Visitor: 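Would you mind keeping the following structure in view while I ask a few things?
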Amino acid sequence: MAAHRKSKQSPLGSSAVRTAATLALASAATATLFEGSGHADPRLTTAQVKAKVDRLYEEAEVATERYNGAKEKADEARTAFDRLRDEAARRTERLNTARDALGAVAAAQYRSGGLDPAVQLVLTSDPDQYLERAALAEKAGDRQAAAVTAVRRELAAIRQLRGESAGELTALRGHEAELRRQKAAVVGKLAEARALLARLTAEERARYEAAAAARDGSGSSTRIDGPSGTGTAGASPTVRADRSSGGEREPVTAPDGRAAAAVSFARAQLGKPYVWGATGPSAYDCSGLTQAAWRAAGVSLPRTTYTQINAGRRVSRSQLAPGDLVFFYSGISHVGLYIGGGQMIHAPRPGAPVRIAPIDEMPFAGATRVG
């Protein structure tokens with residue numbers, strides 16, 4: 001009977017089970033195949049990669065200007081904090097001098113057998129208590145009263161300076177945190193751009209760089225640098241190409257000597273690399289270039305595009321003259337220096353060095369005349 005039962009189970013345990021297992025494995029493999037294909041990244045065309053990279057560059061430039069603004073505020077807060085700290089040290093030195101003077105008076109009075117009550121209060125270990133009872137200092141003579149007043153003045157000044165220093169230190173830490181956030185945003189956007197470009201084949205990369213060179217007016221390769229100012233983007237051929245790019249027309253006379261000096265300085269920077277956060281002399285970002293150009297003309301501009309647009313008188317596009325600052329995109333995230341004939345000098349983006357370009361290659365947002 002046991003043998004009979006075993007003989008009935010044998011076909012089911014071999015053929016049917018093997019068939020079911022085979023079908024299950026096949027089904028799982030098919031499901032995995034379709035699931036993988038459904039979630040695989042689509043193959044982007046060169047044009048799609050270019051569009052995405054251009055968008056990332058624009059977003060990185062927005063973050064760069066925010067980084068520049070945070071850095072400017074952090075530098076200002078650090079300068080203010082250092083100034084307050086130095087002033088507190090000077091006040092403390094004067095306080096000690098005033099206390100020494102009172103100590104000399106006290107010693108003289110002690111030797112003569114008496115110690116004025118006002119002097120006793122000043123020499124106490126609790127000067128705040130003395131200040132609350134400072135009216136007693138009126139009993140002191142002219143010399144003691146002057147010394148007491150000096151101590152009171154320095155104590156009040158030191159308390160105020162300490163309060164201001166604490167506020168500046170808090171502001172400095174906030175600006176430094178914002179600086180780190182914006183730096184991370186810039187680095188992240190540029191890393192995304194690098195990753196997209198790395199997905200291109202050699203042939204696609206060649207087409208991409210040819211299109212970028214045609215747009216940028218240079219033969220430089222795409223290189224993405226950080227804010228160290230040490231990156232390069234091409235050698236002398238790039239400089240020659242950039243000096244003649246954009247079909248430059250006959251030069252237009254600058255309205256004054258300062259504008260002419262700014263334009264002259266900008267021309268001397270042609271071919272230097274774009275590096276985000278850089279203000280020269282070996283590399284620039286867009287607002288760093290315009291700031292440096294006008295600094296060479298003796299005019300101090302603020303650091304960012306958002307503040308430079310308010311650094312002078314607004315002018316319409318039809319009124320542009322050499323030396324004017326021209327701004328682009330709705331967020332005012334890019335700036336160039338107008339040189340006449342519908343052209344500007346600007347630091348475009350990573351991989352594209354300082355060059356001459358038509359102002360209509362980007363969405364025009366406004367213009368400012370400095371001075």
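Because the structure is a prediction, the values reported are computed rather than measured. The first residue of the sequence shown is numbered 1, and numbering continues consecutively from there.
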Visitor: So do the side chains of T45 and V49 get within less than 4.5 Å of each other, counting heavy atoms only?
Guide: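 They are not in side-chain contact.
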Visitor: Same cluster for Y284 and F327 if Ile/Leu/Val/Met/Phe/Trp/Tyr side chains link at under 4.5 Å?
Guide: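 Yes, Y284 connects to F327 through the hydrophobic network.
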Visitor: Quick one about T307 and T304 (side-chain donor to acceptor, distance below 3.5 Å, no hydrogens or angles considered), yes or no?
Guide: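 Yes, side-chain donor-acceptor contact under 3.5 Å.
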Visitor: When you check the gap from the basic side-chain N to the acidic O, do R83 and E76 get nearer than 4.0 Å?
Guide: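 E76 and R83: not salt-bridged.
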Visitor: Among pairs that include at least one residue of residues 312-334, which meet salt bridge (charged side-chain N to carboxylate O under 4.0 Å, His left out), considering only residues two or more places apart or in two chains?
Guide: D324-R369
Visitor: Show the atom names and distances, to 0.1 Å, of all donor-acceptor pairs under 3.5 Å that link a side chain in residues 291-298 to residues at least two apart or in another chain.
Guide:
{"residue": "Q291", "atom": "OE1", "partner": "R295", "partner atom": "NH2", "Å": "3.3"}
{"residue": "Q291", "atom": "NE2", "partner": "L301", "partner atom": "O", "Å": "3.0"}
{"residue": "W294", "atom": "NE1", "partner": "G323", "partner atom": "O", "Å": "3.1"}

Visitor: Could you tell me if the side chain of Q308 sits less than 4.5 Å from the side chain of I332, heavy atoms only?
Guide: no
Visitor: Could E176 and R78 be called an ion pair, given the rule that one side-chain N must be under 4.0 Å from one carboxylate O?
Guide: yes
Visitor: Around E93, counting heavy atoms of other residues, nucleotides and ligands shown, do more than 12 lie under 6.0 Å from its CD?
Guide: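 No, CD of E93 has 12 or fewer neighbouring heavy atoms, counting only those of other groups under 6.0 Å.
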Visitor: Can you sort out the partners of R85 under salt bridge (Lys or Arg N to Asp or Glu O under 4.0 Å), two or more places apart, ordered by chain and number?
Guide: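 Here the qualifying residues are D82.
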Visitor: Between Q319 and S316, is any side-chain donor less than 3.5 angstrom from a side-chain acceptor?
Guide: yes
Visitor: OG1 of T305 to CZ of R66: how many Å apart, nearest 0.5 Å?
Guide: 10.0 Å
Visitor: Suppose clustering is done on Ile, Leu, Val, Met, Phe, Trp and Tyr with side-chain heavy atoms closer than 4.5 Å. Which residues sit in the same group as L161?
Guide: L84
Visitor: For residues 254-261, please give each side-chain donor-acceptor pair under 3.5 Å, one per line with the distance, not counting sequence neighbours.
Guide:
{"residue": "D256", "atom": "OD1", "partner": "R258", "partner atom": "N", "Å": "3.1"}
{"residue": "D256", "atom": "OD1", "partner": "A259", "partner atom": "N", "Å": "2.8"}

Visitor: Ignoring hydrogens and angles, tell me if any N or O in the side chain of T368 forms a donor-acceptor pair with the backbone of I309 under 3.5 Å.
Guide: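 Confirmed, T368 side chain pairs with I309 backbone.
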Visitor: Starting from the C-alpha separation in whole Å, work towards a yes-or-no answer on salt bridge (charged side-chain N to carboxylate O under 4.0 Å, His left out) for R55 and E59.
Guide: CA-CA 6 Å; R55 176 180 55 79; E59 292 172 354; 3.1 Å; yes
Visitor: Look at the aromatic rings of F328 and H334 and report parallel, tilted or perpendicular, splitting at 30° and 60°.
Guide: tilted
Visitor: Carefully, step by step, assess E87 and R90 under the rule salt bridge (charged side-chain N to carboxylate O under 4.0 Å, His left out).
Guide: CA-CA 5 Å; E87 178 63 19; R90 287 191 293 272; 2.6 Å; yes
Visitor: Using the test salt bridge (Lys or Arg N to Asp or Glu O under 4.0 Å), find all partners of E58 that sit at least two apart in sequence or belong to another chain.
Guide: none
Visitor: Is the backbone N or O of G342 less than 3.5 Å from a side-chain atom of Y338, with the two atoms forming a donor-acceptor pair by type?
Guide: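 Pair found, side chain donor or acceptor close to backbone of G342.
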